[in-house]
Structure formats: C-alpha cells, structure tokens
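These values consider heavy atoms only, across backbone and side chains, with no hydrogens, waters or symmetry-generated copies. Lettering follows sequence order; numbering is per chain, from 1. In this text, all values refer to a predicted model and were calculated from it rather than measured experimentally.
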Amino acid sequence: MKELVLTRTHYAGSLSPNNIGNSVCIAGWVDVRRDLGGLIFIELRDSSGKIQLVADPKGNKAVHDIFSTLKSEYVIIAQGKVSKRPDGSNNAENKTGAIEIYPDQVQILNTAKLLPFQFSEAEKVDEALRLKHRFIDLRREQMQYCLNLRHKVTHAIRSYLHTQGFIEVETPILTKATPEGARDFLVPSRLNPGTWYALPQSPQLFKQTLMISGVDRYYQIARCFRDEDLRADRQPEFTQVDLEMSFTDEDQVMAITEGMLKEAFTVAGIDVKPPFTRMPYAEAVDKYGNDKPDTRFDLTIKDLTSLALTCNFKVFRLVAENGGKLKGLCLPANLAQNISRKQIDNWQEFAKNCGAKGLAWIVFSEAPIRSSGIAQHFSPEEIKEMMRLASADNGDMLLLVADNQAQVANVLGRMRLHIGEELKLIDESKHNLLWLYDFPAFEYSEQDKKMQAVNHPFTSPKMEDIDLLEKEPLKCKARAYDIIYNGVEIGGGSIRIHNRQLQERAFKAIGIDDETAKEKFGFLLDALESGAPPHGGLALGLDRLVMLLAGRKSIRDVIAFPKTQSGACLMTQAPSSASAEQLAELNIEFKKTKVNNVPVHNSSAIVMLFVGLLITLLLTACGSFKTATDYLIAGREYFKAGDYKAAEKDFREALKREPKSATALNNLGVVLNELEKYDEAIDVLQQAIVVDPKNAIAPRALSTAYLAKQMNKEALLYAEKTMELAPSELSSHQALSDALLANKEYKIAIDEYRYLLEADADDDTLHEKLGEALMGAGEKDAALAQWKKAIEINPQNNAAKQKLEQAKKTN
RNA sequence: GGGAUCGUAGCUCAGCUGGUUAGAGCGCCUGCCUGUCACGCAGGAGGUCGCGGGUUCGAGCCCCGUCGGUCCCGCCA
C-alpha cells in the first residue's frame with residue numbers, strides 16, 4: 001500500500017455549489033460505481049454524506065484507469081476541482097446533486113472484499129448477519145444516524161445538566177451484590193479467593209452516598225448490568241442517565257427532568273412542552289390497565305362491576321360478589337361495524353393467552369343484539385344500564401372481562417394496546433409525555449411469598465402514610481414517579497429516605513431484619529445518621545429513549561455493539577470459555593452440567609444404507625416394474641384431470657402393492673366418493689383411519705360419504721374429528737359446516753359459513769348454503785339476501801334459484 | 001423455565017398432501033456501452049436445503065433431537 005500522499009481538506013457532505021471552482025481533497029468509501037464504458041461515475045461516501053466523482057477517458061487517463069478497477073467499499077482519497085454538473089444532469093434527491101468532482105489525482109488506500117450483505121437490503125437482512133459483521137453494518141447511513149443521534153442526545157443532556165449545576169461523578173463498576181432486584185453479574189476476586197464483586201444494577205447507593213457527601217447535584221451517564229432474560233428493549237448491559245439532587249422534592253426533580261427531556265427531544269427534531277401531564281397510578285391502572293398508559297388513543301377501560309353485582313348472569317355476578325371486577329372496552333360503532341367474526345375469535349384467543357377465562361362481547365342495537373351469547377341473560381333495562389356504564393350507543397361493541405382486579409387490568413390493558421395497534425387507532429404523530437405518581441410503596445410477591453418494594457427499599461413513603469408501614473403496608477403510597485413516553489416507561493425515580501429509623505422501618509416492611517440490613521447496607525445506615533440531607537432523583541433509560549427518538553423497534557439499533565437474545569456478541573464471540581490457567585488463578589472450577597451423547601453410526605445402519613441403494617438400483621434397472629407410488633402418482637394425475645374411473649383403477653393397483661398405505665386408502669376413498677360408491681368408500685376410509693389415525697383426509701372424506709348417505713350424525717362426528725386434526729384448513733371447516741347444516745345446527749353453521757366466506761367471498765355455493773342455514777335459524781330476510789347474492793355470482797346456480805322461489809311462495 | 005416463529009445461492013425469498021437435473025430477484029464475474037445516479041444490454045459462475053438422527057423404495061418438505069436468530073410469557077424498572 002502506498003504512503004498517503006494526499007491530505008483530506010473537505011468532507012463530502014459539506015460541499016455545495018459555493019465550492020464550485022475550489023480544489024478540494026476528499027476521502028471515503030466507494031458507495032457505488034456506474035461504469036458507462038466511457039465515463040465512470042463514482043459516488044464517494046464519508047461520515048458526512050456523498051459526492052459524485054467523474055472520470056473521463058479523454059480527460060485524465062490515469063484517473064480513469066484507477067476508476068475502472070474500483071469496487072464497492074474500496075477506500076480512496078481524491079483531489080480535484082469542484083464543478084457544476086452539466087445542465088439536465090442534476091440529481092435533486094441528493095444534497096450534493098448539483099455538483100461533482102473531476103479528480104486529477106486518486107489514490108486507493110485500501111481494497112474491500114465482497115460485502116456479506118448489500119446496504120440497500122440491510123434493513124431486512126437477518127440481524128445475526130448484521131451483528132456478526134457489525135463493523136460493516138454500522139457503516140450504513142441509518143446506523144450512523146443512530147450513533148449520531150445518541151451522541152447528540154447525551155451531549156444535550158450533559159450540557160443541560162451542567163448548566164443546572166450538576167456534576168458528573170463516576171461510580172464503581174466492580175461493586176457489591178444487592179439482595180433485592182435483578183440477578184447480579186458476578187466477577188471473581190483473585191486477591192480474595194471465594195469472594196465476588198457484582199456489577200452494578202444501577203449506581204443507586206453510590207449516588208445517595210454522594211448526596212450525603214455534600215455533592216449538591218450529581219449525574220452520570222452510567223452503564224448498568226442486569227443478568228436477566230433479554231427482550232427487544234432489554235440488554236444485559238444498558239445505559240442510564242442517572243441523577244440525584246439534595247434538598248429537593250418531587251416537583252423539582254420533575255422540572256429538571258422535563259427541561260432535560262425537552263433538550264433531548266429538540267435534538268431529534270421534536271418539540272415537547274413542559275410541564276407534562278401527571279396521572280395518579282390508580283387512575284392509570286383503572287383506565288389503561290397498566291402503569292405505563294399510552295394516551296395517544298382513547299378506548300379507555302370502563303367499569304361495569306355495579307351491574308355485575310345486581311344482574312342475574314351468574315358468571316359475572318359470582319366474580320363481582322367475590323371482590324372481582326367486570327370491566328370492558330367499548331368500540332364505537334364506526335369501528336365495530338367492520339369487526340369480523342374471525343377478528344373477534346382472534347381477540348378471544350388473545351385474551352385467553354393473557355390469562356383471561358374468556359372474553360364476552362356484545363354489539364348494541366335496537367332489536368336483535370349480536371353477542372357472544374350473553375345478551376339473553378340481561379333484561380332490556382340491564383342492557384340500558386350496561387350501555388350507560390360503558391357510555392355506549394347503538395352500534396357500539398363492548399368487550400367484557402370478569403376476573404379479579406389485577407387480572408382484569410392486565411387483560412384489558414393488553415387488549416387495549418392490541419386493538420389500538422390492529423385498528424390503527426394510535427396517532428403516530430403524537431409525543432405524549434406523562435408523569436405517573438402515587439405509586440404503592442410495596443406489593444406482595446406471589447412467587448416469593450413475601451412483601452417487596454415496588455421501586456426499591458430506599459424510596460420514601462408519603463408522609464401521611466408513614467403509620468401504614470407496619471399496619472397496612474399495601475396501602476402505603478411512595479414518593480415515587482415514572483416518566484412515560486407514548487406508552488413506554490423511559491425513566492423513574494423517587495424521593496429517598498434520609499433518616500435511619502425510617503429506613504429501618506422500611507426494611508422491616510419487606511422482611512429485611514436489622515442484622516441483614518447492617519450486613520448489606522451498613523454503610524448506608526451509617527451514612528444516614530451522619531447528616532444526610534433530604535434528597536431524591538431519577539434515572540432515565542437512555543437506550544430506550546434514543547430508540548424511540550430514532551424511530552427504531554429495538555434498542556440493539558442504538559447500541560454500537562449489542563448482544564443477541566441469548567446474551568452473545570456475534571462479532572467477538574463473547575462469552576467464551578476461559579483457559580484452565582485463568583480459572584486456576586481465580587480458584588474457580590467449572591462443573592459440566594450436561595454432556596451431549598452423540599449417537600455413533602453403527603454397522604447395521606450402514607448395511608441398511610446399502611440395501612436401500614441396491615433396491616433403488618434394482619428398481620431403476622427394471623423400468624417395467626411399477627411401484628405403488630408410481631400408481632399413486634398416475635392415479636392422482638387422472639384424478640386431477642377428472643377421469644375418476646382411471647384414477648380408481650390405479651389406486652387399486654397401488655393398494656395391491658401396499659395394502660397398508662394410508663395414502664393409497666385415502667386416495668381410493670376420495671375417488672370412490674366422486675364415483676358415488678359411498679359404501680365402499682366408507683369401508684376403505686375406515687381402514688385408512690386405523691392405519692394412520694392422525695391423517696385428516698380420511699375423516700373429512702368419511703364425513704362427505706356419510707352426508708351423501710344421509711347419515712348426518714356420523715357425518716358430524718367425522719367432521720369434528722377433521723377439525724381436531726387440521727383446524728387451520730379451510731376444507732375442515734367446509735366439512736364441518738356442511739355436517740352442521742345437515743344436523744340442523746343452524747347457528748354454528750352460520751358462523752362457519754361466514755368464516756369460509758371470509759376466505760372466498762365469491763363462492764356462490766357457500767352463499768347458497770349460508771342462506772339455507774339462515775332460513776333454518778328463522779332469519780328469512782338474511783337468507784333471501786344470501787340466495788340473491790349466490791345467483792348474482794353464478795346465474796347458473798339452480799339450487800339457489802329454487803330455494804329463493806320457494807321462500808317467496810311460502811311468504 | 002415456557003410459547004410462537006424462522007434457518008434453501010453472498011443477500012431477500014419461492015419450492016405444489018414426499019417423486020426426474022432445487023428456482024427467481026438483487027449482488028458477483030465477463031463482454032458491450034460517454035451524463036449515469038437502484039445506469040442499461042448480453043452472457044456466465046455460484047447450493048453439505050443450519051447440523052445429527054429417524055420414517056420411507058425415495059426427504060428441502062414428515063417425525064425426533066440439536067444449534068443459531070427473532071418475538072413474547074415468566075423474570076427484569
């Protein structure tokens with residue numbers, strides 16, 4: 001590689017028509033080469049942007065020769081005059097699209113091998129590939145933007161906090177394990193065998209100590225570590241903007257945070273106006289079902305417990321009588337009318353996955369009310385009351401969940417977000433910042449069977465609730481606050497306890513006795529007695545904040561070198577094993593928990609392989625010898641072509657060769673159905689089920705055969721079996737719906753036909769059958785409409801015509 | 001710990017209830033081309049179908065296991 005003979009004078013993105021005529025020298029990567037045979041265009045990219053270079057063979061031959069060897073991502077430096085592009089060749093899309101450079105000197109500084117992925121496709125490339133080649137991924141404009149934005153945000157925050165009198169203090173990374181909270185990362189101490197440092201989950205105790213040390217206002221862009229399972233918004237190491245102030249209260253901390261966030265948002269081009277809205281915790285849980293409400297859309301949760309208590313519907317009343325709640329979400333008519341049965345099914349499934357026992361629904365209207373079967377349990381007056389409590393009008397749809405208070409909030413809270421997203425109710429242009437306050441100080445952990453702090457045990461209870469610490473800790477509120485941005489918690493904090501006696505009482509409330517407290521937090525208790533000022537603060541999740549500001553879906557995109565969900569760094573291959581020497585030095589012995597016993601090939605397997613090979617050879621050698629499969633394939637061809645008799649013949653041949661082939665039996669059964677030989681079909685298909693009880697084809701065909709023989713109960717039985725085996729297949733639903741109709745189960749049949757019509761709305765037979773089901777259910781008008789629709793789609797549908805005629809006559 | 005989902009050419013994906021020689025677009029290579037800007041045109045190369053078992057005469061497809069990615073629950077502020 002040649003020595004660097006040129007020196008960079010400008011950045012590509014900084015050039016503009018103002019530079020026309022200037023001699024400049026720029027350096028960067030070859031973004032793209034466009035070789036026209038004569039002219040060669042190079043787009044040169046550096047951290048600031050792109051600029052087009054041109055080589056003309058009739059101009060500088062040497063430069064043109066170099067240009068013809070350039071490939072993507074080569075690193076070059078070029079010197080030349082900035083010139084105006086010829087008229088008509090400007091590129092308005094590009095900032096530097098009106099200018100270009102004809103270099104008189106170019107040097108290749110480095111070559112590059114073929115990239116593992118193209119930049120243009122990077123956003124949809126498998127993330128593992130991007131992470132493995134992170135050095136290339138970060139080169140992309142989008143990633144550069146994220147890195148830049150993150151820098152600008154932290155810079156703005158530092159600058160703001162500096163002006164507000166905060167000083168940045170670094171706290172230890174090697175520190176002490178804490179009993180509460182997340183799992184710690186441990187680091188062995190070589191100098192003290194058998195003892196361990198822990199990486200900090202946050203600098204909480206240090207920053208409180210700093211307050212006691214007389215640091216008036218502290219902040220730190222602090223790395224934190226938690227050894228818990230990862231998510232799209234959770235990494236094992238992450239960054240907090242951690243701050244603490246002495247002689248302060250909630251309002252001051254909130255005001256500082258608001259000022260800080262305003263600066264951070266400004267950097268991302270978003271204008272937010274403090275003071276932000278404040279909402280008590282209880283209201284959030286009540287109306288939004290969680291402690292991080294997304295207020296960008298309405299659809300709040302309504303309480304109908306009072307109705308549940310007085311109504312006759314046992315399912316609801318029992319829940320209410322046992323202290324549970326009946327709550328619901330009310331979809332306005334304009335949304336409700338577009339909700340399909342399938343969508344409701346999905347919601348019910350969703351609710352169950354959230355842990356709900358069920359999701360009831362009802363659509364209000366004048367006369368027949370559509371519902372999940374609950375409407376009939378309520379009198380017209382009760383329906384009215386229901387509408388009043390839910391502030392519902394006719395046409396609105398109410399989704400109801402009855403359960404204990406926490407479960408109802410959980411299910412409806414998630415349901416609300418799910419529906420909000422699905423129906424696109426969220427106003428993406430909004431930037432809602434919201435304070436949540438009046439948190440409970442403690443909660444009961446079902447898992448650990450003990451009381452624990454909601455925030456952390458250093459949070460001060462509200463003054464008026466201090467006596468509740470011992471009496472009713474669950475009713476004790478904390479001086480804590482969270483900051484929520486568009487339904488995401490981006491930070492939280494509290495006013496701390498600054499008095500030893502109170503701190504000890506708080507520890508006791510969560511079962512930490514004096515001894516444990518002294519062992520784990522002795523220094524803090526000591527410090528609290530040594531002139532601790534009142535203090536409080538907050539921590540902001542920087543990764544999450546930047547992720548949201550950058551419009552990204554994962555914090556991995558705003559962390560330069562993130563870990564995968566299993567905690568690995570695909571670029572460095574961390575974590576990796578340590579050498580025996582290293583471990584010995586640390587007095588650590590690794591205990592293997594699981595050894596994978598890989599089964600070894602045995603000789604019989606190899607023999608089998610040879611036998612298989614021989615048979616294959618034999619079979620190919622005698623071409624005249626036809627196998628069962630040959631017949632099956634041929635039979636299917638005939639079947640597809642509609643020649644059922646020929647198909648039947650081939651399937652029988654196949655069956656002769658393999659009498660226990662479920663495939664052959666199935667095929668024969670199906671073709672016999674087509675030939676209307678139902679008795680034999682039934683016989684054959686029953687055999688198929690014995691051979692392969694898990695195949696869905698046989699029961700489906702059996703259902704058809706029984707239906708044809710008007711053995712309706714049997715037909716329904718096998719249709720249901722088909723649904724069990726292949727619930728997602730339309731043909732299963734088809735079989736079921738036909739069987740249901742034959743058995744006069746009109747209501748379910750109606751649902752099934754409607755479901756099928758969602759898949760294919762232009763199937764006239766489906767409309768015709770739906771009509772019949774509707775007729776059976778007594779909905780004459782709806783039935784007539786379906787038949788008309790069927791005839792409209794297929795004027796040859798005589799069955800529909802007949803039914804329509806007949807219905808009109810009986811009218 | 002659990003659930004869902006993905007893994008086929010360098011990349012993104014298709015691959016029919018298991019059946020001849022596994023395809024497409026982009027990229028790459030070669031040739032042609034003087035105003036391109038996702039340049040264009042013509043041709044070409046490129047595959048242990050993640051890995052290991054099993055079922056089968058036959059597996060990219062079915063079954064079991066395993067590794068890896070992603071999303072979620074639990075866990076975690």
Would A:Phe117 pass as stacked on B:C11, i.e. its ring centre under 5.5 Å from the base's six-membered ring centre and planes under 30° apart? no
Any side-chain N or O of A:Lys71 below 4.0 angstrom from OP1/OP2 of B:C29? yes
Strictly below 4.0 Å: does A:Gln201 bring a side-chain N or O up to OP1 or OP2 of B:C76? no
Using a cut-off of 4.0 Å on non-hydrogen atoms, how would the nucleic acid contact of [X] be classed: base, sugar-phosphate, or nothing?
X        : answer
A:Ile40  : nothing
A:Gly181 : sugar-phosphate
A:Asp56  : base
A:Lys292 : nothing
A:Arg556 : sugar-phosphate
A:Asn90  : base
A:Glu123 : nothing
A:Tyr102 : base
A:Pro116 : sugar-phosphate

Given that A:Leu230 and A:Ser566 both sit by RNA chain B, which one's nearest nucleotide is further toward the 5' end? A:Ser566
Pick the closest RNA chain B nucleotide for A:Ser89 and for A:Ala232 by heavy atoms, then say which residue is nearer the 5' end. A:Ser89
Check this for me, if you would: do [X] and [Y] make a salt bridge, where the nitrogen-to-carboxylate-oxygen distance has to be below 4.0 angstrom?
X        : Y        : answer
A:Arg544 : A:Glu489 : no
A:Glu237 : A:Lys563 : yes
A:Arg234 : A:Glu228 : no
A:Asp56  : A:Lys58  : no
A:Lys292 : A:Asp482 : no

With rounding to the closest Å, how many angstrom separate the [atom1] atoms on [N] and [M]?
N     : M     : atom1 : answer
B:G44 : B:G35 : C1'   : 29 Å
B:A22 : B:G46 : C1'   : 14 Å
B:A59 : B:G3  : C1'   : 28 Å
B:A38 : B:G27 : C1'   : 12 Å
B:G43 : B:C37 : C1'   : 25 Å
B:C67 : B:A14 : P     : 26 Å
B:U20 : B:G58 : C1'   : 12 Å
B:C28 : B:U12 : C1'   : 15 Å

For the residue pair A:Glu349 / A:Asn346, report whether a side-chain donor-acceptor contact shorter than 3.5 Å exists. no
Pairing donors with acceptors under 3.5 angstrom, does anything connect the side chains of A:Glu422 and A:Trp347? yes
Go ahead and name the base partner of [N]; Watson-Crick or wobble counts if both distances stay under 3.5 Å, otherwise write none.
N     : value
B:C26 : B:G10
B:A4  : B:U70
B:G31 : B:C41

Is the number of heavy atoms from other residues, nucleotides or ligands under 6.0 Å of A:Glu93 CD greater than 12? no
Tell me: [atom1] of [X] to [atom2] of [N], nearest whole Å?
X        : N     : atom1 : atom2 : result
A:Asp31  : B:G27 : CG    : P     : 14 Å
A:Asn353 : B:C71 : CG    : P     : 19 Å
A:Tyr481 : B:A77 : OH    : P     : 18 Å
A:Leu542 : B:A77 : CG    : C1'   : 15 Å
A:Asp126 : B:G10 : CG    : C1'   : 13 Å
A:Asn290 : B:A77 : CG    : C1'   : 14 Å
A:Glu100 : B:U34 : CD    : C1'   : 12 Å
A:His456 : B:C76 : NE2   : C1'   : 15 Å

Of all the nucleotides listed ([options]), which has the minimum atom distance to the side chain of [X]?
X        : options             : answer
A:Glu489 : B:A77, B:G35, B:U34 : B:A77
A:Gln565 : B:C71, B:G35, B:U12 : B:C71
A:Glu127 : B:C37, B:C28, B:U70 : B:U70
A:Ala182 : B:G35, B:C72, B:C76 : B:C76
A:Val125 : B:A77, B:U12, B:U36 : B:U12
A:Asp229 : B:U34, B:C75, B:C11 : B:C75

Is it the case that the base of [N] and the side chain of [X] share a donor-acceptor contact (distance under 3.5 Å, atom types as modelled)?
X        : N     : answer
A:Glu121 : B:G10 : no
A:Arg231 : B:G74 : yes
A:Gln118 : B:U12 : no
A:Arg234 : B:C76 : yes
A:Arg85  : B:C37 : yes

Taking the side chain from A:Asn60 and the backbone from A:Ala62, do they hold a donor-acceptor pair closer than 3.5 Å? yes
Can you tell me if A:Asp543 uses its side chain to pair, donor with acceptor, with the backbone of A:Thr239 under 3.5 Å? yes
Identify each atom pair where a protein N or O and an N or O of nucleotides 38-43 of chain B are less than 3.5 Å apart, giving names and distance.
unit_1	atom_1	unit_2	atom_2	d
B:C39	OP2	A:Arg34	NH1	2.8
B:C39	N4	A:Asp35	O	2.5

So that I know where these two stand, are A:Phe439 and A:Tyr281 an aromatic pair - ring centroids less than 6.0 Å apart? yes
Quick one: do A:Asp126 and A:Lys132 satisfy salt bridge (charged side-chain N to carboxylate O under 4.0 Å, His left out)? Show the steps, please. CA-CA 10 Å; A:Asp126 183 10; A:Lys132 189 176 171 197; over 6 Å; no
